[in-house]
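These notes concern the structure reproduced below.
Hydrogens, waters and symmetry mates play no part in the numbers below; they use all other heavy atoms, side chains included. Chain identifiers are assigned alphabetically (A, B, ...) following the order of the sequence lines, protein sequences preceding nucleic acid strands; residue numbering begins at 1 within each chain.
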Amino acid sequence: MLASRNNCQDLRVVRMTPLGGGEGAPPLFELVLSPPGWDFRPGQFIMIRPPEWGLDLVWGRPLSIADVREDGLRLLVQAIGRGTHRLSELRPGQVVTVWGPLGNSFAVEPDKPTLLLAGGIGIAPFVGYARRHPKPENVTLLFGHRLPAESYPLADFGGLRKAEAVREQNPEQLARFIDHLGQTMRGYAHGGLVLACGPEPFLRTVRKLALTLKARAQLSLENRMACGVGACLGCVARNGKDQLVQTCTHGPVFWAEDVFLSEDAAPLGGKP
Amino acid sequence: MLASRNNCQDLRVVRMTPLGGGEGAPPLFELVLSPPGWDFRPGQFIMIRPPEWGLDLVWGRPLSIADVREDGLRLLVQAIGRGTHRLSELRPGQVVTVWGPLGNSFAVEPDKPTLLLAGGIGIAPFVGYARRHPKPENVTLLFGHRLPAESYPLADFGGLRKAEAVREQNPEQLARFIDHLGQTMRGYAHGGLVLACGPEPFLRTVRKLALTLKARAQLSLENRMACGVGACLGCVARNGKDQLVQTCTHGPVFWAEDVFLSEDAAPLGGKP
Amino acid sequence: MSSLDTIVRLPGLTLKNPVLTASGTFGYGLEFARYGNLADLGGIVVKGLSLKPRQGNPMPRIAETPCGMLNAIGIQNIGVEAFLRDKLPFLPWRETAVIANLYACDAHEFGELAAVLASVEGMTALEVNVSCPNVKEGGVAFGQNPGQIRAVTEEVKRNAGSKPVIVKLSPNVTDIADAARAAVDGGADMLSCINTLMGMAVDIRTRKPRLANVYGGLSGPAIKPVALRCVHQVCRAVSVPVIGVGGIASAEDILDFILVGAHAVQVGTANFMRPDAAFRMASELPALMEKLGIDGLDDFRGSLRA
Amino acid sequence: MSSLDTIVRLPGLTLKNPVLTASGTFGYGLEFARYGNLADLGGIVVKGLSLKPRQGNPMPRIAETPCGMLNAIGIQNIGVEAFLRDKLPFLPWRETAVIANLYACDAHEFGELAAVLASVEGMTALEVNVSCPNVKEGGVAFGQNPGQIRAVTEEVKRNAGSKPVIVKLSPNVTDIADAARAAVDGGADMLSCINTLMGMAVDIRTRKPRLANVYGGLSGPAIKPVALRCVHQVCRAVSVPVIGVGGIASAEDILDFILVGAHAVQVGTANFMRPDAAFRMASELPALMEKLGIDGLDDFRGSLRA
Ligand SMILES: Cc1cc2nc3c(=O)[nH]c(=O)nc-3n(C[C@H](O)[C@H](O)[C@H](O)COP(=O)(O)OP(=O)(O)OC[C@H]3O[C@@H](n4cnc5c(N)ncnc54)[C@H](O)[C@@H]3O)c2cc1C
Ligand SMILES: Cc1cc2nc3c(=O)[nH]c(=O)nc-3n(C[C@H](O)[C@H](O)[C@H](O)COP(=O)(O)OP(=O)(O)OC[C@H]3O[C@@H](n4cnc5c(N)ncnc54)[C@H](O)[C@@H]3O)c2cc1C
Ligand SMILES: Cc1cc2nc3c(=O)[nH]c(=O)nc-3n(C[C@H](O)[C@H](O)[C@H](O)COP(=O)(O)O)c2cc1C
Ligand SMILES: Cc1cc2nc3c(=O)[nH]c(=O)nc-3n(C[C@H](O)[C@H](O)[C@H](O)COP(=O)(O)O)c2cc1C
Ligand code: FES
Ligand code: FES
């Protein structure tokens, strides 16, 4: 028989801090919730849904766990749509329903040179990863972003070997960043570890480079999710064995060679 | 051709003051909105719907105009259900959509002894009525309520001949109040004017008394409304000519003999 | 404001923009004159009209539901005569399309009603409501039977003179494409779709239905996915223009319907969310199109990559 | 907690309370063991099972809609064999009802599937999904035809041994009472209703449907009024017990369905709003009944004053 403890809780908003926004980029917030009473492995995520959403917006929203510290559960939220916008309007004291920690996590290989590749809000899971890594001197961050660097919690990456933030506000800067990405990844092709989190085009680029360079790389996917617990089969990704597996339970972290990203995937031709 | 000015506006919340609640009665609030730029006749109402309701709660909520003063549009809100509860959580600065002033208004007959009968939140339209009456010395208020009297804006009735507030917390007190109602109305049966606003059972009692006493009485109805502008035909009441008329445009104020309240009304037997 | 062209050319009428108001949600039009310029709308479909005045159903007739509402008004209306005398003259029918919505209980009555309306200059088109789901406690309604749809359409067409005839379809059917084909076979110049879904709500405290009529029609944003699917199916089944209705609450929603093939749309329940809703959508549409790089509705229409 | 009795006696099975979980929204049950005690539920209806494993439809498969969602999963499942081997043994089937949901494409296949499941001790009952609306771009699906519903039901019944058979009805029909009668004629012990409404959503930016399958099934609070109406109609049309499904998101909603005649309910999309939703509803129900003065479900059931 399985235990019946409930991993779905109502937490309180401790703090909601606007970190920046405007200039064509969606606004960013740090959200701290009351301590959840569990620990996590970096790369894991939670589902969050404020009860005040009532009957509209029927899904929770998946957010990476940035960290769990004494003051609570830290999240980074980029307000890009209906749900994240409403999340960004939460005020201290309000109640939010949270279930988690969910999913698998990034590999931690303390002695391997480790490259964190973050695109925009993809920085979130690396906050905890960097802080908890046993040998931060082996870890490097390469971070492409659109808001000014000050908008992101880069101080949390202070202990790393190197943290490099590259702004990509226009197509030119973006192209240069991708170039730089390739250059940097080359250094981790043999015996290193590359971990990436960010928008899908970014992950596609990283995946292609990793396959070409034969670098060991993990990607954290951001598939649309309804349940977050493996039940609805709405979030599936195609893995290396040509199976459709739930991103929320088999992921969100996949080895680059063990996952197809949507535009890579041949049409499945599944029947109804 | 009709003018095309838009009587639907986005106003700002200036103030939201909790007035009391608990003790088994729904909480009461005073809501002040930025000046709407129109004046009103007491008895009229507005429809209110905050844009933040998004796609759920598709109807605005009808609220009597308590008053329009220099600082803005005053409303009293009793949080009894989903909509009024969410209204009560509005904070200064937030935007709400308001259309109005809507409907007809209470008769003003300055020289006639006028009795205002208010049940609970039915006090709302009388705030402005009392303050604007040319001869407040001819006006008396009889007010039955469940919250402590201090919860209601009774100071606004200071200029009246008499303002009597009777608490009806239990069936006994209620029975005594109804008794008192009858006694008081008797004094207005000949040459007076009785105006009533409150829950439907209260209005039914007043209507019956008025018909028996042959008192000239007006009742303000609180039918369920979707549009507030006479278009949906969801709010109809049966009038003395056996027609179904929109409460939002032909009312909300009706002469007692010219309206049937739902349980008075014979089944309509209407075909689909 | 953008200079984009939002004109919609339909058989026998031209709309200045694709935004009509849905029958029963916009009264006789005049109720909304305080909230915008009626002539700025693509058109106004007035409340369902019958030959004689109707009192409609007993109260309560409306109930709010998640992202929607139920109604069982029962086509209360002042009758076609009073409408033509007391309402139509005050509507800006020279400047915008004024469309009657016809309600009757058999084909013959529909024909009579069409004949009365066909002779009136101010009526731009006739919309036939064969899909009223407000039948007392179930049973299959009129508009759910293709044979009857065809018969009614033929009868209305026969009496409609040169007025374009729009047939409004019910979604409460197994195959809406069948219903659409029946209407087109009967001579419909256009179709509008959808009317409300049949639904119900109850009160566990009083143990009573929330509508005196027990069943009512579900409308509002909740039904938009069903409406969009129906319009898509109908656009693929027939070649006459289709007017999309159901849950439209923003300019984006309008484009959703045009993307799946609609020529125009009707705004219904959203008029209750704020009375200037239809006016706002009509005025916001060109700017939205510009933002999305949509040069014209004719190009965009039906361009879904499916 | 109240001491009220919420037991539901059904043909061939007894539920400790009326709260089941709806197929496809609760995985194989085990996914929710971290959020409550599975044995506290009235029962678990597992994800649709087919004879062979199925990959389902291409992505994207889900879209959020006003007060609801669309899905076109396409019955991805591990197949009946893997289910019986890898999942069922870990479910608390001695303590609560575990109900299989059968998916197949013809009557014969349904029969085979029923035969496999009928022999398994841990299976409490079989629910037949004749109503999958996830057909590629329209066309009338299987479960919309009374004749087929009857044929499938007979075939399943023939193979189901002593297991009770529940037939799950589609709302995408002109007359759901007809479908209900067909199932009962075919031998159904119970009915569940409703499955999803066929719907669609599009993205005006990409000009693509939001589901790769184009059409999908609409579920969630948005459809509750339709579900309630269907359950009411079906309860009046047949005398076998009915399980209400569609938009249930609170203990109040459960009582709505029982008031119109349902014996039990299934909680679907609400499991996504929070994964402990069904557990909470099951535990809140007795207190709510007490508050409303409802002594027992048997008295309350169908007591609508309409
Ligand atoms: C494992 C995981 C971790 C994530 N971590 C973070 C994080 O730390 N911070 C953060 O700001 N965002 C994160 N995201 C993305 C975030 O969940 C989406 O931005 C959010 O769901 C969008 O919802 P919306 O209502 O604002 O947008 P809408 O576009 O209105 O959403 C419509 C629907 O689509 C889904 N959706 C839309 N965009 C995305 C997306 N990019 N990813 C997943 N679902 C989407 C939503 O869930 C929603 O149901 C993460 C996503 C996943 C899957
Ligand atoms: C002309 C008029 C003036 C009013 N003035 C005031 C006022 O000044 N202050 C105040 O607090 N209330 C007033 N009311 C009542 C107020 O509109 C309702 O309490 C409110 O609509 C309930 O909405 P809800 O969502 O909180 O309740 P719910 O019960 O959740 O509402 C469900 C639906 O039923 C309708 N409804 C429920 N109860 C009522 C009711 N008593 N009257 C009308 N519709 C109802 C609602 O509009 C809503 O659409 C007035 C009503 C009318 C018609
Ligand atoms: C209160 C109300 C009354 C309606 N009356 C009519 C009517 O008289 N004739 C008709 O064809 N449709 C009528 N309808 C249906 C609408 O015209 C429209 O088809 C439906 O509401 C779906 O659109 P919506 O979701 O935008 O409201 C009515 C709808 C509502 C809400
Ligand atoms: C993601 C998802 C998957 C579903 N899969 C199935 C299924 O496999 N078999 C089935 O009979 N119904 C399936 N359904 C339908 C539900 O069981 C239920 O009938 C429907 O969602 C209505 O209930 P709800 O509004 O509470 O979700 C599925 C629904 C959803 C949302
Ligand atoms: S989100 Fe439901 S299975 Fe992954
Ligand atoms: S509320 Fe719509 S007619 Fe009165």
Looking at B/N6, B/N7, B/T97, which one forms a side-chain hydrogen bond (donor to acceptor under 3.5 Å, both in side chains) with C/D276?
-> B/N6
Look at C/A249, C/G68, C/P66 and state which one has the largest set of heavy-atom pairs under 4.5 Å with chain B.
-> C/G68
Picking from C/M273, C/M69, C/Q76, C/E64, which has the most non-hydrogen pairs under 4.5 angstrom with chain B?
->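 Among C/M273, C/M69, C/Q76, C/E64, the one with the most close pairs to chain B is C/E64.
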Per-residue contact mode, [X] against chain B (heavy atom under 4.5 angstrom):
X	value
C/Y28	neither
C/A63	both
C/T65	backbone

Note, C/R61 side chain near B/L244 side chain (heavy atom, < 4.5 Å) =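 Yes, close enough: below the 4.5 Å cut-off.
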For C/R274 and B/V98, what are the C-alpha separation, side-chain angles and deciding distance, and is it a side-chain contact (heavy atoms from CB on, under 4.5 Å)?
-> CA-CA 8 Å; C/R274 52 185 304 156; B/V98 167; over 6 Å; no
In terms of heavy-atom contacts, C/P60 and B/R224 come closest through CB-NH1, 4.3 Å
Residue pair C/F272 / B/C232: nearest heavy atoms and the distance that separates them =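 Scanning both residues, the minimum pair turns out to be CZ-CB, 3.5 Å.
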To the nearest 0.5 angstrom, please state how far the OG1 atom of C/T269 sits from the CG atom of B/L55.
-> 11.5 Å
Among B/L57, B/V236, B/V58, B/N223, single out the residue with the greatest number of heavy-atom pairs under 4.5 Å to chain C.
->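 Sorted descending by pairs with chain C, the first entry is B/V58.
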Find the one option among B/C227, B/C8, B/G230, B/C235 whose heavy-atom pairs under 4.5 Å with chain C are most numerous.
->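 Among B/C227, B/C8, B/G230, B/C235, the one with the most close pairs to chain C is B/C8.
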Hey, mind stepping through C/K47 and B/L233 against side-chain contact (heavy atoms from CB on, under 4.5 Å) and telling me if it holds?
-> CA-CA 10 Å; C/K47 174 67 192 166; B/L233 302 172; 4.1 Å; yes
Answer yes or no: are there more than 12 heavy-atom neighbours, outside C/K208 itself, under 6.0 Å from its atom NZ?
->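 Result for NZ/C/K208: open.
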Is it true that atom CD of C/E81 has more than 12 heavy atoms of other residues, nucleotides or ligands lying nearer than 6.0 Å?
->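 Counting other residues, nucleotides and ligands, CD of C/E81 stays at 12 neighbours or fewer.
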Counting only heavy atoms closer than 4.5 Å, note whether B/M47 contacts chain C via side chain, backbone, both or neither.
->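 Contact with chain C: none, neither part.
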